[in-house]
Amino acid sequence: MKIIISFLKVLLGLWSITGAGYMVGHYSDLASTWALGVVPGVVWVALGVVQIVLAVVLIVSVWPGWFRKQSATAASVLAVISLAGCVLYSAYVGFPGILWALIPAALFAFIAYKK
């Protein structure tokens with residue numbers, strides 16, 4: 001089971017880094033006028049940076065050390081960020097598109113629960 005969780009941590013960490021990197025560089029493309037009105041551009045960039053840092057913590061937590069204890073917290077916050085994206089874009093993407101955020105959020109919650 002530890003191997004599966006470690007594999008999930010690495011894959012979800014890489015998934016989050018790629019998504020957050022795109023969000024930091026192209027937040028104006030991702031955010032509609034409504035979403036930019038709710039969350040300013042600076043917050044989008046800060047959220048992307050936080051997501052990258054937490055994803056790196058999740059990846060590094062595969063190895064023993066201080067980061068291993070922080071993996072549950074990082075996974076919990078990443079699940080909340082993923083669910084916040086679902087809330088912001090649920091009106092625009094519909095059901096099939098929302099699964100791209102719900103499934104990683106459920107996996108992040110599973111990692112947090114198992115720790």
Side-chain angles (χ1 to χ4, degrees):
M1 187 63 143
K2 288 184 180 183
I3 294 172
I4 294 171
I5 291 176
S6 296
F7 185 69
L8 274 175
K9 284 181 183 180
V10 171
L11 284 181
L12 287 172
L14 292 174
W15 171 270
S16 294
I17 289 173
T18 56
Y22 187 80
M23 183 170 63
V24 167
H26 303 94
Y27 70 89
S28 59
D29 294 339
L30 292 174
S32 64
T33 55
W34 176 80
L36 274 175
V38 173
V39 181
V42 176
V43 176
W44 282 96
V45 173
L47 191 63
V49 170
V50 167
Q51 190 174 351
I52 289 171
V53 169
L54 292 173
V56 168
V57 167
L58 199 62
I59 292 171
V60 174
S61 72
V62 172
W63 294 281
W66 181 78
F67 288 110
R68 182 167 284 215
K69 296 176 183 175
Q70 306 306 321
S71 66
T73 304
S76 299
V77 174
L78 286 169
V80 169
I81 290 173
S82 183
L83 290 175
C86 286
V87 170
L88 283 174
Y89 290 107
S90 62
Y92 300 105
V93 295
F95 175 70
I98 214 164
L99 289 177
W100 286 100
L102 284 178
I103 292 173
L107 292 173
F108 283 130
F110 174 72
I111 290 171
Y113 173 74
K114 282 300 197 182
K115 286 308 211 176

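Along the sequence shown, the residues carry numbers beginning at 1.
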Please tabulate, one pair per line, all N/O donor-acceptor pairs under 3.5 Å involving side-chain atoms of residues 77-87, not counting sequence neighbours.
residue: Ser82; atom: OG; partner: Ala101; partner atom: O; Å: 2.7

Which atom of Ala72 lies closest to which atom of Ala112, heavy atoms considered: O-CB, 3.6 Å
Other ILVMFWY residues reachable from Leu11 by side-chain steps of under 4.5 Å: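 Members alongside Leu11: Phe7.
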pair Val10-Leu14: side-chain heavy atoms closer than 4.5 Å: yes
Between atom [atom1] of [X] and atom [atom2] of [Y], what is the distance when rounded to the nearest 0.5 Å?
X	Y	atom1	atom2	value
Ser71	Phe108	OG	CZ	12.0 Å
Leu8	Trp15	CG	CH2	13.0 Å
Met23	Leu47	CE	CG	4.5 Å

Side-chain donor-acceptor distances from residues 51-60 under 3.5 Å, at least two apart:
none

